Amino acid sequence: MPNSFVYGAATSAYQIEGARHADGKGESIWDRFADIGRMPESGDIACDHYNRWREDIQLMSDLGVDAYRFSIAWTRVLPDGRGEVNQAGLDFYDRLVDGLLDAGITPYPTLYHWDLPQVLEDEGGWTNRATVDAFVEYTEAVARRLGDRVTNWITHNEPWVAAYLGHLEGVFAPGRTSWPDALAASHHILLSHGRAVPVLQANGAKVGIALDCRPARPASDDPRAVAASRHFDGFRNRWFFDPVFGKGYPDDMMKAYRDRGRFDDTMPAVEGRDLDEIAVPIDFLGLNYYTSLAISASDDPEVEFTPVQPGPNPPTGFTEMGWENTPEALTDYLVHLNEEYQPASVFITENGASYGDGVGPDGRVHDQRRIDYLAAHIAATHNARDRGVPVDGYFVWSLMDNLEWVKGYRQRFGLIHVDHATGTRTPKDSYHWYRELLSSR
Ligand code: FCB
């Protein structure tokens, strides 16, 4: 295993920080989503990482990770979304970055892991083009403060989730349910990425975006299943990968959306040089991978595809999210991405498994299923590397059990168990296993 390969662990602000009102933090769309009862539990306290960050860095240092991916809360930096910078909020990330660097851990901050300031949502949020300017302003404020020490940045996390779960299906904040909103949000998020990249690169840093994927395969040879799988891939994957890599929005999807009346002629949100700006060269692609899907056609004319589980190939198991365990699809997808888009470098910015194993009578957490999952996916990543894909790193989701959005604290992805009543951290067997893997390099 080459030593230049980066191993890390990942988290995000709303899922771990807590400290909802500390040091002038503003309200985010997730604070609001919890307040209006759309979540079983809120992130008001979460893992209390805002207060326990020293202990968490110590745990990372003992684990031996090279890098840590976390996210910055826009509402701590600009409580009003734009305008006056809240230095007290930035102080937290300043200390965190210094603490990481002192421990020899490279910080990989993500600027946007879905927690838009609520004041911006009140003005239309990501459906409003002005939010793009606000994001650039936020990026500049963060870069001014941390850019002297942070050399790797991720602009956005999983634009598909933010745009579609948040604006079409409405199951995530801000809970909108409209196609025009989802399409406008996806475009503005991508545009804000394109405009933030040069701001961060100006300091000489490396910049990427973390795109999520759901590789799709037809559930049968039926040509309708093949077409449905292709459509699903366009909806879920290509809509984001294509524009980021300079191919614009996929023609087949533009036609499908036009035919279905989701816009008349062209996507109304797209203006002038937008597509060129979105296609700004990035230094690395972040890929979040958990599972793949078998797709068949639907008999409902309003629905273009139906995911089928289990897939035609016998799955090796499911995690507690109900996600099929398909490591080989990760290798295939990485090879496909490399052929299709030739990224300069790829990092697996998230991969992991939810299993609820708790602390046993021996005081330990025996999460063998997580070890099996991670081992298989790390091997799948290296298989892709052996096949010529420039994969340069891998981050486990997650460093610690945290607030799994609308699923609450019951879904546990961590290498470290967190007792949410007391905040007590207990490294799981998978933590010890990962530590072994890292120290044996
Ligand atoms: C991803 C998110 C991350 C976490 C994992 C399980 O979609 O980026 O915050 O919730 O799923």
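Predicted model, so just to flag it, every value in this text is computed and none were measured.
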Stepwise ring pair (Phe, Tyr, Trp, His ring centres under 6.0 Å) check, Trp74 with Phe135 = CA-CA 9 Å; Trp74 188 337; Phe135 183 76; 5.7 Å; yes
Glu123 and Arg82: CA distance, side-chain angles, deciding distance, salt bridge (Lys or Arg N to Asp or Glu O under 4.0 Å) verdict = CA-CA 12 Å; Glu123 297 167 10; Arg82 53 167 74 85; 3.1 Å; yes
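- Annotation for Asp362: atom CG counts as buried by contact number, over 12 foreign heavy atoms lying within 6.0 Å.
- Heavy-atom minimum distance, Leu403 versus Gly408: CD1-CA, 3.7 Å.
- Side-chain atoms of Thr291 come within 3.5 Å of backbone atoms of Glu324 as a donor-acceptor pair (strictly under, hydrogens ignored).
- For residues 174-191, every residue pair satisfying the salt bridge (Lys or Arg N to Asp or Glu O under 4.0 Å) rule, not counting sequence neighbours, is listed here: Glu121-Arg176, Arg176-Asp181.
- Screening Arg364, Gln368, Arg369 for a side chain to side chain donor-acceptor pair (under 3.5 Å) with Asp357, the sole residue that qualifies is Arg369.
- In this structure a side-chain-to-backbone donor-acceptor pair under 3.5 Å is missing from His336 to Asp332.
- Looking at His188, its side chain does come within 3.5 Å of a backbone N or O of Trp126 through a donor-acceptor pair.
- Using a distance-only test at 3.5 Å, with no hydrogens or angles considered, a donor-acceptor pair links the side chain of Tyr434 to the main chain of Gly8.
- Taking the side-chain hydrogen bond (donor to acceptor under 3.5 Å, both in side chains) definition, one finds that Asp44 meets it with Arg20, Ser42, sequence neighbours left out.
- Trp323 pairs by the ring-ring contact (aromatic ring centres under 6.0 Å, His included) definition with Tyr290, not counting sequence neighbours.
- In this structure Gln201 satisfies the side-chain contact (heavy atoms from CB on, under 4.5 Å) test together with Val197, Val207, Asp283, sequence neighbours excluded.
- Considering every non-hydrogen atom in both Ala143 and Leu200, the closest pair reads CB-CD2, 4.0 Å.
- Here the side chains of Phe33 and Val406 are in contact, with some heavy-atom distance below 4.5 Å.
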Take Asn157 and Thr110, measure what side-chain hydrogen bond (donor to acceptor under 3.5 Å, both in side chains) needs, and give me the verdict at the end.
-> CA-CA 7 Å; Asn157 181 68; Thr110 301; 5.8 Å; no
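- Ring-plane geometry between Trp405 and Trp114 is classed as tilted, the angle between the planes lying from 30 to 60 degrees on a 0 to 90 degree scale.
- The side-chain contact (heavy atoms from CB on, under 4.5 Å) search around Ser398 returns Thr11, Asn402, Phe413, not counting sequence neighbours.
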Side chain to side chain contact (heavy atoms under 4.5 Å, CB included) between Leu287 and Cys213, intermediate numbers included | CA-CA 7 Å; Leu287 184 72; Cys213 66; 3.7 Å; yes
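- Atom CG of Leu168 has more than 12 neighbouring heavy atoms from other residues, nucleotides or ligands inside a 6.0 Å radius.
- With ring centers used as reference points, Tyr257 lies under 6.0 Å from Trp239.
- Scored by the ring-ring contact (aromatic ring centres under 6.0 Å, His included) test, Tyr394 finds no partners at all (sequence neighbours excluded).
- Note on residues 356-381: pairs passing ring-ring contact (aromatic ring centres under 6.0 Å, His included), not counting sequence neighbours, are Tyr289-His377, Tyr373-His377.
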Which is it for Arg238 and Glu340 under the salt bridge (Lys or Arg N to Asp or Glu O under 4.0 Å) test, yes or no, and what are the steps along the way?
-> CA-CA 11 Å; Arg238 288 182 287 122; Glu340 187 74 20; over 6 Å; no
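- Between Phe235 and Trp160, the angle of the ring planes goes over 60°, which puts this pair in the perpendicular group of the 30/60° scheme.
- In terms of heavy atoms, Ala173 sits closest to Ile29 at CB-O, 3.5 Å.
- Here the OH-CZ distance, from Tyr341 to Phe245, works out to 8.0 Å after rounding to the nearest 0.5 Å.
- The minimum heavy-atom distance between Arg69 and Ala210, with the atom names listed, is NH2-CB, 3.8 Å.
- Looking only at distances, no side-chain donor or acceptor of Ser354 sits under 3.5 Å from a matching main-chain atom of Thr319.
- Shown here for Ala88 and Tyr50, the closest heavy-atom pair between the two residues is O-OH, 4.3 Å.
- When atom types are taken as modelled, the side chain of Asn128 and the backbone of Ala130 share a donor-acceptor pair closer than 3.5 angstrom.
- With contacts defined as side-chain heavy-atom distances shorter than 4.5 Å, the pair Ile371/Asp429 qualifies.
- In this structure Pro109 satisfies the side-chain contact (heavy atoms from CB on, under 4.5 Å) test together with Phe70, Ile72, Pro107, Val150, Trp153, sequence neighbours excluded.
- In terms of heavy-atom proximity, Gly352 sits nearest to Leu374 at CA-CD2, 4.0 Å.
- Classification of Asp62 and Arg435 as a salt-bridged pair fails, no side-chain N sitting under 4.0 Å from a carboxylate O.
- Of the listed residues (Ile209, Thr139, Val132), just one forms a side chain to side chain contact (heavy atoms under 4.5 Å, CB included) with His193, and that residue is Ile209.
- Residue Glu84 qualifies as open at atom CD: its count of foreign heavy atoms under 6.0 Å is 12 or below.
- With sequence neighbours excluded, the residues satisfying side-chain hydrogen bond (donor to acceptor under 3.5 Å, both in side chains) with Arg145 are Gln87, Asp91, Asp94.
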Verdict with supporting geometry, Asp392 and Lys206, salt bridge (Lys or Arg N to Asp or Glu O under 4.0 Å) | CA-CA 13 Å; Asp392 294 315; Lys206 294 197 164 140; over 6 Å; no
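- In this pair, Tyr164 and Trp179 present their aromatic rings perpendicular. The plane angle is above 60°, beyond the 30 to 60° band.
- Partners of Pro243 under the side-chain contact (heavy atoms from CB on, under 4.5 Å) rule, at least two apart in sequence or in another chain, are Leu190, Tyr249, Ile278.
- Using cut-offs of 30° and 60° for the angle between ring planes, the His382 and Phe5 rings count as tilted.
- Of the candidates His21, Arg32, Gln118, Glu27 forms a side chain to side chain donor-acceptor pair (under 3.5 Å) with just one, namely Arg32.
- Put simply, the residue from Phe347, Tyr7, Tyr68 that forms a ring-ring contact (aromatic ring centres under 6.0 Å, His included) with Tyr108 is Phe347.
- The pair Asp23-Arg76 does not count as a salt bridge, with every side-chain nitrogen at least 4.0 angstrom from each carboxylate oxygen.
- One finds no salt bridge joining Lys25 and Glu17 here, because no Lys/Arg side-chain nitrogen approaches an Asp/Glu carboxylate oxygen to under 4.0 Å.
- Annotation: side-chain hydrogen bond (donor to acceptor under 3.5 Å, both in side chains) contacts of Asp401 (sequence neighbours excluded): Arg412, Lys428.
- Around the CZ atom of Arg149, the shell of radius 6.0 Å holds more than 12 heavy atoms that belong to other residues, nucleotides or ligands.
- Residues passing the side-chain hydrogen bond (donor to acceptor under 3.5 Å, both in side chains) test with His49, sequence neighbours excluded: Asp56.
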